[in-house]
Every structure is written in C-alpha cells, then in structure tokens.
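Worksheet: the structure to be examined is printed underneath.
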Amino acid sequence: MVPLLLLLLAISVVHADEGAYIGVNLGTALSDLPSPTQVVALLKSQQIRHVRLYDADPAILAALANTGIRVTVSVPNDQLLAVGQSNATAANWVSRNVVGHVPAVNITAVAVGSEVLTALPNAAPLVVPALRYVHSALVAANLDRQIKVSTPHSSSIILDSFPPSQAFFNRSLDPVIVPMLKFLQSTGSYLMLNVYPYYDYMQSNGVIPLDYALFRPLPPNKEAVDANTLLHYTNVFDAVVDAAYFAMAYLNVTNVPVVVLESGWPHKGDPSEEPDATADNADTYNSNLIRHVLNSTGTPKHPGVPVPTYVYELYDEDQRPGALSERNWGLFDANGLPVYTLHLTGSGVLLANDTTNQTYCIARDGADAKMLQAALDWACGPGKVDCSVLMQGQPCYDPDTVEAHATYAFSAYYRGMGMASGTCYFNGVATVTTTDPSHGACIFPGSGGKNGTFLNGTSLAPTSNSTSAESASPRNFHDTKLLLQIFGALLLRMIFL
C-alpha cells in the first residue's frame with residue numbers, strides 16, 4: 001500500500017488527517033450498473049480506500065460496511081431545498097443516511113449539494129444553512145469530530161485566477177462564500193473544489209498548452225510564472241489549487257485546506273468537437289495526477305502540503321446526457337475491466353490496473369501468518385509453482401520469512417496464470433501491486449515486463465472460494481471561464497516566453 005504521508009510545514013494551512021491520498025467518485029448513471037457488492041469488490045481489489053458517493057444509497061452503504069473504506073456521502077441538489085430550510089429535515093437526513101450506518105460504514109464527510117453556486121444559483125442562499133443544520137445534527141449524534149461537512153464548488157467561482165496570487169472569489173457570491181469559509185474554519189473542515197484542467201484547456205482556444213494541462217514536463221522557459229510571487233507553475237492543476245488558496249487568503253482565511261473532490265480526463269469524445277478526449281490523454285493525465293498527489297508534491301504556494309484528490313470517476317456512465325465525452329470519464333467499464341491503461345508502475349497496490357505487464361501478486365500487509373503459510377504450501381504444491389529458488393542457497397531464499405517466500409510464490413502463480421482475474425487472491429492474503437518486488441539476484445517472473453503477455457483485467461464476477469483464486473452523478477458541465485482569464489494575451493507574453 002502506498003504510505004500516507006503527513007508532511008508538517010511551518011505554515012498556517014490545516015492538513016487532512018491522512019496526508020496524501022487518492023479517492024474515486026462513484027456515479028451510477030449506468031444502464032448496466034454493477035451490484036453494490038460488485039462495486040465494493042472492485043474498490044477492494046484496486047485498494048481504493050476513499051470513495052465519494054453522489055447520494056447516500058443505502059444498498060451501497062450496506063455493501064461498504066466493515067470494509068474500512070472512507071466514504072463521503074452527499075446531499076443531492078434535489079434534496080438541498082428541504083435540508084437547507086429545516087433543521088428537523090436535516091436532522092432526519094443525517095439520522096437516516098449517516099447515523100443509521102456508522103460505525104460499520106466509515107463515513108468521514110458529508111458533501112452538501114454539488115456546485116450549487118454555479119449550477120443552481122437560486123438555491124445558493126440555502127447552502128450555508130444546510131451546512132449548519134447537517135453539522136448540528138452530527139454534533140447531536142456526537143459524530144462531528146469524525147465526519148466533516150462541506151460543499152463542492154466549481155473552480156469557476158474563482159476569478160482572475162492567473163497569476164494565482166491575484167485570484168479572488170466572484171464578489172457576487174460573497175454573501176455565501178464568506179460565511180461558508182467561516183463555517184469551514186470553525187468546524188475544522190475543508191474547501192471542496194472540483195478541478196478540471198480538461199475543460200480549462202478546451203475553453204482556452206489554444207491559449208493553454210496541452211502539455212501544461214496533462215502534467216507533462218515543460219522546459220523552464222515554458223513554465224508559467226506568477227510575476228508577483230515568482231512561483232513557477234508546471235501544470236494547470238496546481239495553478240487552480242493555489243488560486244483557491246490565494247482567494248481564501250484575500251478574505252483573511254489561511255487555515256482551511258483544499259480537497260479536490262473531482263478531477264479527471266475523458267478517454268473518448270467526438271473526434272471533431274473533442275479531439276483531445278482520448279485514452280492516451282486520459283492515461284497521461286490520471287497517471288500523472290495520481291503520482292503527483294501521492295508524492296505529496298504539494299503546490300508552489302504550499303510545497304509538501306498534501307492535496308487529497310478524488311478521481312472522476314470509477315465507471316463510465318453511459319446514461320449521462322450531453323457531449324460524448326460526458327459518458328466516458330470512467331477508469332473501468334461496467335464489467336470491472338480497465339477502460340484504458342494507467343501507467344502507475346511503482347505506485348504500489350493502489351489502482352493496480354496497469355496493463356503494461358508491470359503487475360505482481362504479493363502477500364498482503366498484515367496477513368495472518370498461518371494463512372500465508374497454507375497459501376504458500378498450496379502454491380508450491382497443487383499450484384505447481386517452481387519454488388526451488390526459495391531453497392537455502394538459492395537467489396530468493398533471503399529474506400527467510402513466510403511473507404517474502406509467499407510473495408514470490410504468489411507472483412509466480414499469478415504470472416503463470418496470465419494475471420487472470422481471481423489468480424491473486426489466495427483466500428484474501430494476496431493483493432496486486434505495480435511495484436516490482438524483485439530484489440538483488442531474486443528476479444520475479446515478469447520483472448521488467450518481459451514475461452507476462454496477458455492483460456490485468458479486474459473482473460467483477462464473483463471469485464472462487466478455493467485457495468487458488470479470488471444515483472446519477474450531478475457533475476455539471478463547466479461553464480467556467482476560469483483559465484481563459486488565466487492567460488490573457490499580454491500575460492502570455494510575460495509567462496510563456
């Protein structure tokens with residue numbers, strides 16, 4: 001598992017309790033929606049430990065019980081009116097959708113509405129009352145310390161956002177944003193922000209370079225420079241996050257962290273209208289995003305400060321209206337197979353759907369030693385793995401531990417079975433990783449991508465019990481003009497030299 005990092009800096013920004021992490025959004029606008037148990041099976045197989053729901057579906061919550069997966073539930077926009085107008089209604093909502101599921105379900109946040117200020121501006125006055133009512137209900141249930149309350153925003157609420165040091169929130173939204181930030185401060189919560197470099201790039205009419213949107217390396221003379229702070233920006237994502245920090249600082253708020261609740265890139269679009277919605281670009285963006293976040297790179301304004309991020313989204317939602325790309329943001333199809341390759345070699349067990357043959361099967365951290373030994377015995381016996389390299393004096397004998405020997409045997413079996421679904425299970429004591437476990441002279445099968453020839457599809461079909469094997473999301477199309485203002489022609493001459 002990728003370690004979670006707590007990087008404490010001498011600055012006034014509050015950090016998320018876990019440090020850097022990647023979650024996923026779970027939309028449900030699929031014509032062939034997998035069952036809740038299948039959804040959770042996919043989350044577990046991909047070591048996804050954080051998920052955001054666009055509602056509080058009781059069946060999905062029941063399936064998430066006792067998994068430890070951290071869950072953000074949501075008050076949908078169509079329920080905001082009732083929750084924001086009545087303390088009693090909010091209390092009933094919390095009782096039914098939160099209190100009724102904890103502690104079995106590890107609910108850690110409630111997202112109240114989705115991009116309400118831009119999608120439903122007439123409902124904006126209800127946002128802060130809804131936040132307060134939901135929080136009060138959590139206080140009454142003694143859950144306010146473990147469950148935070150916030151509301152997701154489109155990044156288009158930030159104006160004049162480049163250079164980031166000049167960013168400010170749309171002044172017409174001050175009656176909502178100012179008390180909202182005070183609420184987030186007083187409750188120890190965070191700003192939920194949706195960051196979509198894809199839309200910023202598309203709406204810039206060629207002003208924003210594609211490489212800049214995709215996290216691709218830029219030569220120093222092509223980096224964007226904030227003339228006020230001399231901070232260098234190598235990607236759109238960091239620029240938007242820092243714009244949010246500067247916009248909050250403009251309102252004298254410096255201790256509210258940013259959590260990116262949605263970010264991603266579509267893998268398919270109309271070739272004539274959306275030529276850059278491709279699988280290659282989706283792979284590039286999401287792979288680079290995940291590495292960027294998990295490395296706790298932070299942003300130029302707050303280097304080393306984690307920016308927890310939820311990838312949009314787990315599944316393609318084929319029932320979403322609008323442009324073709326709107327139905328093609330998923331990492332997986334309805335069968336649980338990767339839609340495209342994620343090149344995450346070295347990122348550990350998270351989202352191990354890398355189909356470049358750089359996947360391995362290893363002993364799960366904390367697995368029971370007796371179960372590991374039994375699985376090792378099976379792999380080297382009925383499983384027909386050649387375990388001679390584990391004998392004393394052989395390359396993979398050291399370290400002489402059950403975990404190390406099981407890892408070799410598991411991976412050899414997994415590779416020998418073509419990395420097929422269910423072949424890295426071993427009664428729950430094994431897991432897939434993209435980190436090569438080879439060490440010294442002990443070279444694992446498939447190391448360097450030379451031996452495996454099959455793809456690592458994570459099927460949602462029920463796995464064998466033998467020891468040998470294993471609501472529609474209301475994301476609104478951004479009407480943001482966010483980074484159109486970021487790079488004006490005059491500013492471009494100053495920045496992209």
If I take atom [atom1] from residue [X] and atom [atom2] from residue [Y], how far apart are they, to the nearest 0.5 angstrom?
| X | Y | atom1 | atom2 | value |
| --- | --- | --- | --- | --- |
| His153 | Asn170 | NE2 | CG | 12.0 Å |
| Glu115 | Ser156 | CD | OG | 7.0 Å |
| Lys148 | Leu184 | NZ | CG | 10.5 Å |
| Thr28 | Leu314 | OG1 | CG | 11.5 Å |
| Glu313 | Asn328 | CD | CG | 9.5 Å |
| Cys424 | Phe426 | SG | CZ | 7.0 Å |

Look at the rings of Phe215 and Phe237 and say which category their plane angle falls in: under 30° parallel, 30 to 60° tilted, over 60° perpendicular.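 The rings of Phe215 and Phe237 sit tilted, inter-plane angle from 30° to 60°.
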
Without swapping roles, check the side chain of [X] against the backbone of [Y] for a donor-acceptor pair under 3.5 Å.
| X | Y | value |
| --- | --- | --- |
| Thr309 | Val307 | yes |
| Gln38 | Ser35 | yes |
| Asp200 | Ala213 | no |
| Glu274 | Pro271 | no |
| Asp57 | Ala59 | yes |
| Ser95 | Asn92 | no |
| Ser155 | Val195 | no |
| Thr407 | Glu403 | yes |

Run the side chain to side chain donor-acceptor pair (under 3.5 Å) check on Ser438 and Asp436 step by step: do they pass? CA-CA 6 Å; Ser438 300; Asp436 187 347; 2.7 Å; yes

Closest contact, heavy atoms only, [X] versus [Y]:
| X | Y | answer |
| --- | --- | --- |
| Pro306 | Ser296 | CG-OG, 4.2 Å |
| Asn281 | Asp276 | ND2-O, 3.0 Å |
| Asp32 | Ala334 | O-CB, 3.4 Å |
| Ser189 | Val256 | O-CG1, 4.1 Å |
| Leu261 | Asn25 | O-ND2, 2.9 Å |
| Tyr190 | Ser150 | O-OG, 2.7 Å |

Tell me, do [X] and [Y] make a side-chain contact under 4.5 Å, heavy atoms counted?
| X | Y | value |
| --- | --- | --- |
| Val110 | Trp93 | yes |
| Ile177 | Leu117 | yes |
| Tyr212 | Ile208 | yes |
| Phe410 | Tyr425 | no |
| Asp144 | Thr187 | no |
| Tyr413 | Cys361 | no |
| Met371 | Arg364 | no |
| Val128 | Val176 | yes |

Paired with Ile107, the side-chain contact (heavy atoms from CB on, under 4.5 Å) test is passed by just one of Thr72, Asn97, Val73, namely Val73

Looking at Arg327, Lys268, His267, which hits side chain to side chain donor-acceptor pair (under 3.5 Å) with Asp316?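 Result for side chain to side chain donor-acceptor pair (under 3.5 Å) with Asp316: His267.
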
Decide side-chain contact (heavy atoms from CB on, under 4.5 Å) for Leu43 and Leu64; before the verdict, give the C-alpha distance in whole Å, the side-chain angles of both, and the deciding distance to 0.1 Å. CA-CA 10 Å; Leu43 295 174; Leu64 285 164; 4.1 Å; yes

With ring centroids as reference points, do Tyr285 and Trp329 lie under 6.0 angstrom apart? no

Please walk me through it: do Phe332 and Leu337 pass side-chain contact (heavy atoms from CB on, under 4.5 Å)? CA-CA 5 Å; Phe332 297 88; Leu337 297 175; 5.8 Å; no

State whether a side-chain donor-acceptor pair under 3.5 Å links Thr278 with Asp280.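 There is no such pair between these side chains.
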
Can we say Asp242 and Lys301 salt-bridge, meaning some charged N sits less than 4.0 Å from an Asp/Glu carboxylate O?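 Result for this pair is no, no salt bridge flagged.
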
Evaluation steps, side-chain contact (heavy atoms from CB on, under 4.5 Å), between Ile362 and Thr431: CA-CA 6 Å; Ile362 63 173; Thr431 189; 3.9 Å; yes

Show, in sequence, the C-alpha distance, side-chain angles and deciding distance for Gln46 and Val24, and conclude whether the side-chain contact (heavy atoms from CB on, under 4.5 Å) test is met. CA-CA 11 Å; Gln46 295 297 311; Val24 296; over 6 Å; no

